[in-house]
Structures are given as C-alpha cells and as structure tokens.
Amino acid sequence: MHIAILGAGAMGSLFGGLLAEAGHRVTLLDVDGAHLNAINETGLRLTTDAGERTVANLEALRPEAAMQPADLLIVFTKTLHTQAALGAARAVLGSHTALLSLQNGLGNAERLGQFADPARVMIGVTTWPADKNGPGRVSSHGAGTIRLMNADGAATPMLSRTVEALNDAGLACTADADVWAAIWEKVAFNAALNSLCAVTGCTVGELTNVADGESLALKIVAEVAAVARAHGVAVDEAHVSENVRYALAHHRAHRPSMLQDVLAGRRTEIEAINGAVVEAARFKAIAVPHTQTLLQLVRLVDAKDSR
Ligand code: NAD
C-alpha cells in the first residue's frame, strides 16, 4: 500500500517507520522542517524494544508538496491541527483514499469527514506510546494495541487491508465495532488526568499529595461516563476508574501530554477532550461541573499572554 502519514511527530513517525519496515511505501507529511530534513538526509532513527535502527525507505515532505494520492492517509497531528493539515494535503486525497484517525479525543471522524466521503473514514484508538527525541528521532517502549472501525460501522475491504497492514508492522491491530466505548473510555481518563496535571503542573503521582486529589479525578471520570451513556455508548466506568487509580499509584513521575504541551508553550488538545465532553453534555442537558471548570482553566493557560 501507499500510506501517507499526516503529522509525523512521535506517533506518526513510529507508525510510518514500522509500516515502511514492513514493506509499505510510506510518505511522512509534516511542517517541522528540521525533522523532515533529518529524515531525508540520514533516515528516521527509530528505537523500540526491538532495538535502535535507521529506517531509510521513507519519503518526508511538507503536506502541500505531496502530489500523489495515497491508498491510506493516517492522521497523527494533534487534534487542533487536523483541519489545517488536511487542507494543505488535498492532493494526497484521491477519490479512493481511505482516511484513519487514531488521535485522542472526540470529533475526529467528523473532522476527517469534512475532507473526504465519510464512508472512507476510519477511526480508532491506540495504546502504543511514542516520544519524539529530537529531529529525525523517535522512540516507543512497551507493548500496545490498536482497535479501529469504519466510522459508519461498515465492514469494508479497506478496513481489512488497513488492519492487515498495521499487523504486518507488528502494531497488534483488530477491527472492533465497539470502538466508541474504547474512545470514550480514553477520553474519560485523559479528561481527568491530562487536564488536572496541565492546570496544576503536577505529575500524575503528585495529584495524590492532597487527600481529595484522587476523588477529584474520579469525579471527572464519572461525569464523562454519564455523558457517554446518555449518548448510547456503554463505557466501563469502573474499569476507567481502576486505570486512573493505577496510574496515580504506579505512573507517579509521568507528565501527561497536555502538561508537556503547557511546559513547551504549545496549545493543548483540551477542546477535543474536555471541550467535546462539555459540548456533548450540553446536548443532553447533563451537568459536568468539574469537567467544565477544568476546560475553562486549561483554556486560560492556553491563552496566557506569555505563551
Ligand atoms: P506530536 O506533537 O509528537 O506530533 C504531531 C506532529 O504534527 C508534529 O510533528 C507537528 O509538527 C505536526 N503538525 C502540526 N501541524 C501540522 C500541519 N498543519 N500539517 C502537518 N503536520 C503538522 O504528537 P503525538 O504525540 O505524535 O500525538 C499525535 C496524536 O496522537 C494526538 O492526538 C495524541 O493525543 C495522540 N496519541 C499520542 C500518543 C503518544 O504516546 N504520543 C499515544 C496515543 C495517542
């Protein structure tokens, strides 16, 4: 397959590198000139549990410079850059091109559907982690999975080909018609821990330094779960709460991506996470006071004059 990756940061470069190693033709599309130059000059330096190596058979371009339609376009920008990126990459979107988002948050299928026939849009969720370690360098440690589906629920040939390609790359992918529950469960987890850490500057573990830190996080999980249920999505709230408790106890030093964005002076993905939950809650007249307050606070952090 010819696979284009739009947003070749930590996740996009990891997926692109592994898909290229599996023999697919991969084009990385990004706006980070230093990263593109490093990949074009010396290849992508990829470090996983399988070791450190260079992936050389990658093309790396700015989105507007890509001229050939791809069979599959995987979007891995942060959610706030999806539309600008797709707008610049229109030449990659042929009449047959399928689109896939494994980005965090809600609204990804709708954003992709603005640029292609919604019948060709796939969405999902991944637990693979990745970090960018400088221009041309990414790493990922531990194991992950991918669950995805066609956004309209159809079992298309392209869905099977995409699952196969991601499995060729060792990414442990399954087609799963129940992916909405997994997406909302990840949103519930992130709405709690990402926003609390982004506002306070606390690592995940530091949220337990006051007695009611854990209960505050769990209240946000409960609010998001209530909104999901009102929209007909059967989330497992107990499972998410257990994951939050586990992270508070065992991932104490972790800085969630939203806190990393704040510390680096970048805007966060708050609109696609707490913002989308508040919007979905309003639609069903459900009160989500903690999720909403965190949204307002992270918006203030994002809008600071000093950034
Ligand atoms: P990242 O910041 O490392 O990468 C995003 C890339 O998009 C950057 O290289 C940036 O230059 C590029 N970009 C920005 N604007 C662009 C544009 N207009 N056109 C093309 N490229 C553009 O982010 P990431 O950590 O790889 O995360 C990507 C998505 O995956 C997010 O939604 C995130 O929440 C989700 N996610 C991340 C992880 C993780 O461990 N990193 C895990 C699961 C899901």
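Quick note: residue numbers are just sequence positions, from 1. Counting starts at 1 for both ligands and their atoms, in listed order.
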Q | Step-by-step side chain to side chain contact (heavy atoms under 4.5 Å, CB included) determination, Phe15 to Thr126 | A | CA-CA 11 Å; Phe15 275 52; Thr126 180; 4.1 Å; yes
Q: Go through Thr291 and Asn274 one step at a time and tell me if the side-chain hydrogen bond (donor to acceptor under 3.5 Å, both in side chains) criterion holds.
A: CA-CA 6 Å; Thr291 309; Asn274 298 52; 5.3 Å; no
Q: Begin from the C-alpha positions of Asp32 and Leu36 and carry the test side chain to side chain contact (heavy atoms under 4.5 Å, CB included) through to its verdict.
A: CA-CA 6 Å; Asp32 179 344; Leu36 296 176; 5.7 Å; no
Q) So Val227 and Lys284, side chain to side chain contact (heavy atoms under 4.5 Å, CB included) or not? Walk me through it. A) CA-CA 8 Å; Val227 178; Lys284 296 283 181 186; 5.9 Å; no
Q: Could you walk me through whether Leu207 and Cys197 pass the side chain to side chain contact (heavy atoms under 4.5 Å, CB included) test, one step at a time?
A: CA-CA 8 Å; Leu207 294 175; Cys197 291; 3.8 Å; yes
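Summary of contacts: the protein heavy atom closest to atom 28 (C) of ligand 1 is Phe76 O, 3.3 Å. Distance from atom 13 (N) of ligand 1 to its nearest protein heavy atom, with residue and atom name: Val31 CG2, 3.8 Å. When hydrogens are left out, the protein atom nearest atom 4 (O) of ligand 1 is Gly9 CA, 3.2 Å; that is the closest non-hydrogen contact. Protein heavy atom at the shortest distance from atom 3 (O) of ligand 1 is Ala10 N, 2.9 Å. Looking only at heavy atoms of the protein, atom 26 (O) of ligand 1 is closest to Met11 N, 2.8 Å. The shortest contact between atom 7 (O) of ligand 1 and any protein heavy atom is with Gly7 CA, 3.5 Å. From the protein, the heavy atom lying nearest to atom 10 (C) of ligand 1 is Asp30 OD1, 3.4 Å. The nearest heavy-atom contact from the protein to atom 2 (O) of ligand 1 is Lys78 NZ, 3.7 Å.
Counting non-hydrogen atoms of neighbouring residues, nucleotides and ligands closer than 6.0 angstrom, the CZ atom of Arg229 exceeds 12 such neighbours. For Arg255, the CZ atom is loosely surrounded, since the number of other residues' heavy atoms within 6.0 Å does not exceed 12.
Here is the list of ligand 1 atoms found below 4.0 Å of a heavy atom in Pro129: 40 (O). Those atoms of ligand 1 with a heavy atom of His81 less than 4.0 angstrom away are 14 (C), 15 (N). Interface of Trp128 with ligand 1, defined as ligand atoms under 4.0 Å from a residue heavy atom, comprises 42 (C), 43 (C).
In this structure, Ala130 has a heavy atom closer than 4.0 Å to ligand 1. Ligand 1 lies within reach of Pro63, whose nearest heavy atom is under 4.0 Å from it. By the 4.0 Å heavy-atom criterion, Gln260 is excluded from the residues contacting ligand 1.
Judged by distance alone, with hydrogens and angles left aside, the side-chain atoms of Glu223 form a donor-acceptor pair with the main-chain N or O of His290 at under 3.5 Å.
Looking at Ile273, Leu14, Thr77, it is Thr77 that brings a heavy atom closest to atom 29 (C) of ligand 1. The closest non-hydrogen atom to atom 33 (C) of ligand 1, taken over Glu64, Gln103, Glu269, comes from Glu269.
Proximity of Lys186 to ligand 1, defined as any heavy-atom pair under 4.0 Å, is confined to the side chain (atoms from C-beta onward).
Counting only N and O atoms by type, the side chains of Glu269 and Thr79 include a donor and acceptor under 3.5 Å apart. In summary, the side chains of His141 and Asp49 do present a donor paired with an acceptor at a separation below 3.5 Å, with no hydrogens or angles considered.
Using a 4.0 Å cut-off between a side-chain N of Lys or Arg and a carboxylate O of Asp or Glu, Glu279 and Arg282 qualify as a salt bridge.
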